[in-house]
Amino acid sequence: MSNIPGLFDDIGKDARDLLYKDYTRHSAAPLTLPRLSWRFDVACKGSVPGLNTAFKLTIPDFSKVELQYMNEFIGITAGIGTKTNDFQRVEPFLNFSAVLGVSLLSIGADVELDITERSLNEFHAGMKLTTSFLTASVTTNEKLDTLRASLFHAINPLSRTAIAAEVEHKFTSDSSKYTTLSFGAQHGLLPWTLLKARVNTEGLVGTVVQQELWHKFYLAIAGEVDYNQSTLAPKIGFSMSLRP
């Protein structure tokens, strides 16, 4: 267990990484051709204790530079970046977050502002409970329209064996599926190879094989099948990432 509350992105991060990280993106039509993306996460420590600078880049649709400050009671970030919206247009944004608490319990909020429209893009709030047995979190997302609760349990840290579960409820939705349950597990086959699998109540089943090609340089191959589609054509994606 860490002895600091961390940053807002750390709330629910363990379960989120197990259930979503490196998986193919969901779309209305099944993809039969692979999708390739590159992700770079680089952190630089400053001369002031607790002050760091983080650079995050996902090609082709996201980039962000962020200033972070953490001590044993608070975690604060301020960042600026760009992302591609649903219409394939690049949107610049500002992002601010704050977390208050201790290693056992922390609460926080995150705000994203659209620079061009001068409007509120997103607002998130959450809390995290961390024990030696499990990590539990509750977050509100999409301007309080979505409520998520997640659990993460590390079975064997040496082999990175873990399980996670998440329930997501949308208060307003165009579809009849307001609540979704997701379950996932992971296991390190080798020190440099990680296998993950997940399933949810919307009929999505996916797997990921993550391979460390070089120190902190990873290749992930993901596949997903939507059992609600008339054709069970799998979606396949490849991603390469550099992580601190």
Side-chain angles (χ1 to χ4, degrees), residues 4-13 15-17 19-28 35-71 73-101 106-128 137-148 150 168-175 237 239-244:
I4 61 175
L7 304 175
F8 185 83
D9 281 347
D10 296 326
I11 296 179
K13 185 179 185 301
R16 189 169 62 247
D17 285 353
L19 293 170
Y20 299 106
K21 192 172 186 177
D22 295 325
Y23 282 93
T24 58
R25 298 183 178 184
H26 181 62
S27 60
R35 172 188 171 90
L36 178 63
S37 63
W38 292 79
R39 182 171 63 250
F40 300 90
D41 295 327
V42 180
C44 304
K45 291 186 177 181
S47 56
V48 178
L51 188 64
N52 301 316
T53 303
F55 302 90
K56 303 178 182 180
L57 174 64
T58 302
I59 299 173
D61 51 17
F62 181 84
S63 63
K64 181 181 180 181
V65 58
E66 183 176 78
L67 192 64
Q68 306 172 344
Y69 175 75
M70 290 180 288
N71 63 26
F73 298 112
I74 62 173
I76 301 172
T77 69
I80 184 170
T82 62
K83 63 181 179 179
T84 304
N85 61 21
D86 294 337
F87 303 100
Q88 300 303 307
R89 296 176 181 173
V90 176
E91 295 181 345
F93 65 88
L94 291 172
N95 180 256
F96 304 94
S97 73
V99 171
L100 176 66
S106 60
I107 59 174
D110 177 88
V111 176
E112 182 179 294
L113 305 174
D114 188 314
I115 296 177
T116 303
E117 300 293 333
R118 297 183 180 180
S119 61
L120 178 66
N121 258 2
E122 297 180 9
F123 173 77
H124 312 285
M127 63 178 296
K128 179 178 70 170
S137 67
V138 177
T139 58
T140 60
N141 304 279
E142 300 174 12
K143 300 178 183 178
L144 306 182
D145 180 62
T146 302
L147 179 67
R148 291 191 182 100
S150 66
E168 176 186 275
H169 178 77
K170 292 183 178 294
F171 296 100
T172 59
S173 176
D174 294 332
S175 76
S239 66
M240 304 186 79
S241 59
L242 178 64
R243 302 171 187 170

Item to complete: Applying side-chain contact (heavy atoms from CB on, under 4.5 Å), run through L144 and F171 and close with a yes or a no.
Response: CA-CA 9 Å; L144 306 182; F171 296 100; over 6 Å; no
Response to the item:
P5 and V99 have their tightest heavy-atom pair at CB-CG1, 4.0 Å
Worksheet entry | Shortest non-hydrogen contact between D110 and S97, atoms and distance | OD1-CB, 3.4 Å
Worksheet entry | From CA spacing to verdict: side-chain contact (heavy atoms from CB on, under 4.5 Å), K83, N121 | CA-CA 12 Å; K83 63 181 179 179; N121 258 2; 4.1 Å; yes
Worksheet item: Does a side-chain N-to-carboxylate-O contact under 4.0 Å join E168 and R148?
Response: yes
Worksheet entry | Rounded distance (nearest 0.5 Å) linking atom OG of S106 with atom CG of L7 | 10.0 Å
Worksheet item: Run the side-chain contact (heavy atoms from CB on, under 4.5 Å) check on D114 and E91 step by step: do they pass?
Response: CA-CA 7 Å; D114 188 314; E91 295 181 345; 4.0 Å; yes
Worksheet item: How far does CG of N85 sit from CZ of F93, to the nearest 0.5 angstrom?
Response: 12.5 Å
Worksheet item: Does N141 use its side chain to pair, donor to acceptor, with the backbone of L147 at less than 3.5 Å?
Response: no
Worksheet item: CD1 of I4 to CG of D10: how many Å apart, nearest 0.5 Å?
Response: 8.0 Å
Practice prompt. Can you see which heavy atom on F40 is nearest to which on I59, and at what distance?
Written response: CE1-CD1, 4.1 Å
Worksheet entry | Minimum-distance pair of heavy atoms, taken over all atoms of L94 and F96 | CB-CE1, 4.1 Å
Practice prompt. Output yes when a side-chain donor or acceptor of K143 lies under 3.5 Å from a complementary backbone atom of L120, and no otherwise.
Written response: yes
Item to complete: Any chance you could lay out the side-chain contact (heavy atoms from CB on, under 4.5 Å) test for M70 and N52, step after step, and finish with the verdict?
Response: CA-CA 8 Å; M70 290 180 288; N52 301 316; 3.9 Å; yes
Discussion item. For K64, is there an ion pair with E112 - N to carboxylate O distance below 4.0 angstrom?
Written reply: no
Practice prompt. Keeping the roles fixed (side chain from R16, backbone from S150), state whether a donor-acceptor pair exists under 3.5 Å.
Written response: no
Practice prompt. Write down the atom of Y69, the atom of N71, and the distance for their closest heavy-atom approach.
Written response: OH-ND2, 3.5 Å
Worksheet item: Between atom CD1 of I80 and atom CG of L67, what is the distance when rounded to the nearest 0.5 Å?
Response: 12.5 Å
Worksheet item: Is it true that the NZ or CZ of K56 lies under 6.0 Å from the centre of F62's six-membered ring and within 45 degrees of the ring axis?
Response: no
Worksheet item: When rounded to the nearest 0.5 angstrom, what is the spacing between CD in E122 and CG in D145?
Response: 12.0 Å
Discussion item. Whether E117 and R89 form a salt bridge (side-chain N of Lys/Arg under 4.0 Å from carboxylate O of Asp/Glu) is what I want to check.
Written reply: no
Discussion item. As an exercise, state the distance from CG of L242 to CZ of R39, rounded to the nearest 0.5 Å.
Written reply: 10.5 Å
Practice prompt. Locate the shortest heavy-atom distance separating F55 from C44; write the atom from each residue and the value.
Written response: CE1-SG, 4.0 Å
Worksheet entry | Side chains of S241 and D41 in contact at under 4.5 Å (non-hydrogen atoms) | no
